[in-house]
Amino acid sequence: MTAEVYCATVLYPFAPGVDFDADRYAREIAPRYAQLLGDNCRGFEVREGQTSPVRPHPDNVCIASFWVRSAEAFGASLGSAPMKALMAEIDAFSSIRPIRQFDVCRVARYPG
């Protein structure tokens, strides 16, 4: 039996007239967040929402997912002083109020 893997996801919903620098988020903020999760973090990704021919805007302008080995270690890392400082920086980064979710991964398969 394989060990459980968890995913902490942050969704930034589309908001008319609000700018969101997904490039900076992906290049600077998400890697720092993953680094503060330490060895518990198995990996992360940042996805930028795009328009499509039938939709004038994406539901979410950005989605970030962080895969971790331990729910307990994840919770503990959120209480550290460096993580609290980064979370304050993230809150000031955009006026979009993020939606946060924590899941257990039941299956994951990636090509390649």
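The figures that follow rest on heavy atoms only: side chains count, while hydrogens, waters and symmetry mates do not.
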_Is it true that, when you exclude Q35 itself, more than 12 heavy atoms of the residues, nucleotides or ligands shown sit nearer than 6.0 Å to its CD?_
no

*Starting from the C-alpha separation in whole Å, work towards a yes-or-no answer on side-chain contact (heavy atoms from CB on, under 4.5 Å) for L36 and S77.*
CA-CA 7 Å; L36 290 174; S77 69; over 6 Å; no

*asked:* On a heavy-atom basis, which atom in C7 and which in S65 lie closest, and how many Å separate them?
replied: SG-CB, 3.7 Å

*If you look at every heavy atom in K84 and G79, which pair is closest and at what distance?*
CE-O, 3.4 Å

*Same hydrophobic cluster for W67 and L78, using side-chain heavy-atom links shorter than 4.5 Å among ILVMFWY?*
no

_Considering all heavy atoms, the nearest S94-D19 contact_ = OG-O, 4.1 Å

*Test log, rule side-chain contact (heavy atoms from CB on, under 4.5 Å), inputs N60 and Y12*: CA-CA 5 Å; N60 298 290; Y12 289 88; 5.8 Å; no

*Please identify each residue that fulfils side-chain hydrogen bond (donor to acceptor under 3.5 Å, both in side chains) with D39, with sequence neighbours left out.*
none

*State whether the side chain of R69 and the backbone N or O of E4 hold a donor-acceptor pair below 3.5 Å, judged by distance alone.*
no

_Y6 with L11, same ILVMFWY side-chain cluster at under 4.5 Å_ = no

*Does the side-chain contact (heavy atoms from CB on, under 4.5 Å) test come out yes or no for E48 and I63, once each step is laid out?*
CA-CA 7 Å; E48 181 179 3; I63 300 171; over 6 Å; no

*Do the side chains of M87 and Y25 join up, straight or via other hydrophobic residues, at under 4.5 Å, putting them in one cluster?*
yes

*Would a hydrophobic clustering, with Ile, Leu, Val, Met, Phe, Trp and Tyr connected at side-chain separations under 4.5 Å, put I90 with V61?*
yes

*Only counting residues at least two apart or in another chain, list the ones meeting side-chain hydrogen bond (donor to acceptor under 3.5 Å, both in side chains) with S70.*
E72

*Quick one: pull up CE in M83 and OH in Y33 and give me the separation to the nearest 0.5 Å.*
5.0 Å

*Taking the six-membered ring for Trp and the full ring for Phe, Tyr or His, determine whether the centres of F74 and F102 are under 6.0 Å apart.*
yes

*Parallel, tilted or perpendicular: which fits the ring planes of F66 and F44, with parallel below 30° and perpendicular above 60°?*
parallel

*With Q101, which residues qualify under side-chain hydrogen bond (donor to acceptor under 3.5 Å, both in side chains), at least two apart?*
D103

*Parallel, tilted or perpendicular for F14 and H57, by the 30°/60° rule?*
parallel

*Work out which heavy atom in I96 is nearest to a heavy atom in P13; give both atom names and the distance.*
CG2-O, 3.4 Å

*Quick one: closest heavy-atom pair of I29 and L86, and the distance?*
O-CD2, 4.4 Å

*State, to 0.1 Å, how close T51 and P56 come at their nearest heavy-atom pair, and which atoms those are.*
CG2-O, 3.3 Å

